[in-house]
Amino acid sequence: DYETVLSRNETCILATLIRARGAIVSRQNLMAALWQTDEVVDDNTLSVNVNRLRRTLEGIGVPHDVLKTHRGQGYAL
(Lines give C-alpha, C1' and ligand atoms only; values in the text may rest on other atoms or scores of the structure.)
Protein backbone atom coordinates (compact mmCIF):
# COMPACT_ATOMS: atom_id res chain seq x y z
CA ASP A 1 0.00 0.00 0.00
CA TYR A 2 1.13 3.49 -0.82
CA GLU A 3 0.22 6.58 1.10
CA THR A 4 1.34 10.10 0.42
CA VAL A 5 0.26 13.56 1.45
CA LEU A 6 -0.53 16.08 -1.26
CA SER A 7 -0.11 19.80 -0.75
CA ARG A 8 -3.21 21.99 -0.91
CA ASN A 9 -2.36 23.03 -4.47
CA GLU A 10 -1.61 19.46 -5.59
CA THR A 11 -4.94 18.33 -4.12
CA CYS A 12 -6.81 21.14 -5.85
CA ILE A 13 -5.19 20.44 -9.24
CA LEU A 14 -5.81 16.69 -9.00
CA ALA A 15 -9.42 17.12 -7.84
CA THR A 16 -10.14 19.60 -10.65
CA LEU A 17 -8.66 17.25 -13.26
CA ILE A 18 -10.50 14.22 -11.84
CA ARG A 19 -13.83 16.07 -12.01
CA ALA A 20 -13.13 16.84 -15.68
CA ARG A 21 -11.57 13.43 -16.43
CA GLY A 22 -11.05 12.98 -20.17
CA ALA A 23 -11.48 16.68 -20.89
CA ILE A 24 -8.84 19.37 -21.08
CA VAL A 25 -8.94 21.86 -18.19
CA SER A 26 -7.58 25.21 -19.29
CA ARG A 27 -4.67 26.80 -17.47
CA GLN A 28 -6.99 29.73 -16.73
CA ASN A 29 -9.57 27.46 -15.06
CA LEU A 30 -6.91 25.69 -13.00
CA MET A 31 -5.47 29.03 -11.89
CA ALA A 32 -8.94 30.23 -10.92
CA ALA A 33 -9.49 27.05 -8.88
CA LEU A 34 -6.11 27.42 -7.14
CA TRP A 35 -6.01 31.14 -6.52
CA GLN A 36 -9.48 32.60 -6.16
CA THR A 37 -8.20 36.13 -6.23
CA ASP A 38 -8.06 39.16 -8.47
CA GLU A 39 -4.32 39.38 -7.91
CA VAL A 40 -2.16 38.46 -10.88
CA VAL A 41 -0.44 35.12 -10.35
CA ASP A 42 2.60 34.31 -12.51
CA ASP A 43 1.60 31.76 -15.13
CA ASN A 44 4.79 29.81 -14.41
CA THR A 45 3.54 29.18 -10.86
CA LEU A 46 0.89 26.82 -12.25
CA SER A 47 3.54 24.90 -14.22
CA VAL A 48 5.64 24.52 -11.08
CA ASN A 49 2.64 23.17 -9.14
CA VAL A 50 1.68 20.73 -11.91
CA ASN A 51 5.26 19.44 -12.06
CA ARG A 52 5.30 18.96 -8.28
CA LEU A 53 2.07 16.96 -8.56
CA ARG A 54 3.63 14.82 -11.32
CA ARG A 55 6.67 14.10 -9.12
CA THR A 56 4.46 13.25 -6.14
CA LEU A 57 2.33 10.88 -8.24
CA GLU A 58 5.44 9.27 -9.76
CA GLY A 59 6.68 8.68 -6.22
CA ILE A 60 3.71 6.37 -5.62
CA GLY A 61 4.03 4.60 -8.97
CA VAL A 62 1.70 6.63 -11.18
CA PRO A 63 3.16 6.91 -14.72
CA HIS A 64 4.42 10.38 -15.70
CA ASP A 65 2.11 10.58 -18.73
CA VAL A 66 -1.14 10.13 -16.78
CA LEU A 67 -1.26 13.90 -16.28
CA LYS A 68 -1.09 15.19 -19.85
CA THR A 69 -0.04 18.65 -20.98
CA HIS A 70 -1.93 20.01 -23.97
CA ARG A 71 0.23 22.85 -25.25
CA GLY A 72 -1.66 26.12 -25.46
CA GLN A 73 -4.78 24.52 -23.99
CA GLY A 74 -4.24 23.12 -20.50
CA TYR A 75 -4.03 19.77 -18.74
CA ALA A 76 -6.00 16.54 -18.65
CA LEU A 77 -6.03 13.11 -16.99
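Being a predicted model, the structure only gives us computed values, none of them experimental. All heavy atoms count here, side chains included; hydrogens, waters and symmetry mates do not.
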Check your understanding: About how many Å separate CG of Leu53 and CG of Asn9, when rounded to the nearest 0.5 Å?
Key ->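 So the CG of Asn9 and the CG of Leu53 are separated by 10.0 Å.
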Review point. Atom CD1 of Ile13 and atom CE of Met31: how far apart are they, to the nearest 0.5 Å?
Key: 10.5 Å
Check your understanding: Any idea which heavy atoms bring Cys12 and Ala33 closest together, and the distance?
Key ->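 Closest approach of Cys12 to Ala33: SG-O, 3.5 Å.
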Check your understanding: Which heavy atom in Asn49 sits nearest to a heavy atom in Thr45, and how many Å separate them?
Key ->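 Shortest heavy-atom separation between Asn49 and Thr45 comes out as ND2-O, 2.7 Å.
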Exercise for review: Check Ile18, Thr16, Thr11 against Leu14 for a side chain to side chain contact (heavy atoms under 4.5 Å, CB included) and give me the one that passes.
Suggested key: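 Answer to the side chain to side chain contact (heavy atoms under 4.5 Å, CB included) test with Leu14 among Ile18, Thr16, Thr11: Ile18.
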Point to revise | All side chain to side chain contact (heavy atoms under 4.5 Å, CB included) counterparts of Asn44, not counting sequence neighbours | key: Asp42, Ser47, Val48
Point to revise | Under 3.5 Å: donor-acceptor pair, side chain of Glu10, backbone of Ser7 | key: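 Looks like yes, one N/O pair under 3.5 Å.
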Practice item. Group every Ile, Leu, Val, Met, Phe, Trp and Tyr by side-chain heavy-atom contacts under 4.5 Å, then state whether Ile60 and Leu67 land in the same group. Key: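 Same cluster: Ile60 reaches Leu67 through Ile, Leu, Val, Met, Phe, Trp or Tyr contacts under 4.5 Å.
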Review point. With the 4.5 Å side-chain cut-off for hydrophobic clustering, are Leu34 and Ile24 part of the same group?
Key: no
List, one per line, each side-chain donor-acceptor pair under 3.5 Å for residues 68-77, sequence neighbours excluded.
from  : atom 1 : to    : atom 2 : distance (Å)
Lys68 : NZ     : Asp65 : O      : 3.3
Thr69 : OG1    : Arg54 : NH2    : 2.7
Tyr75 : OH     : Arg27 : NH1    : 2.6

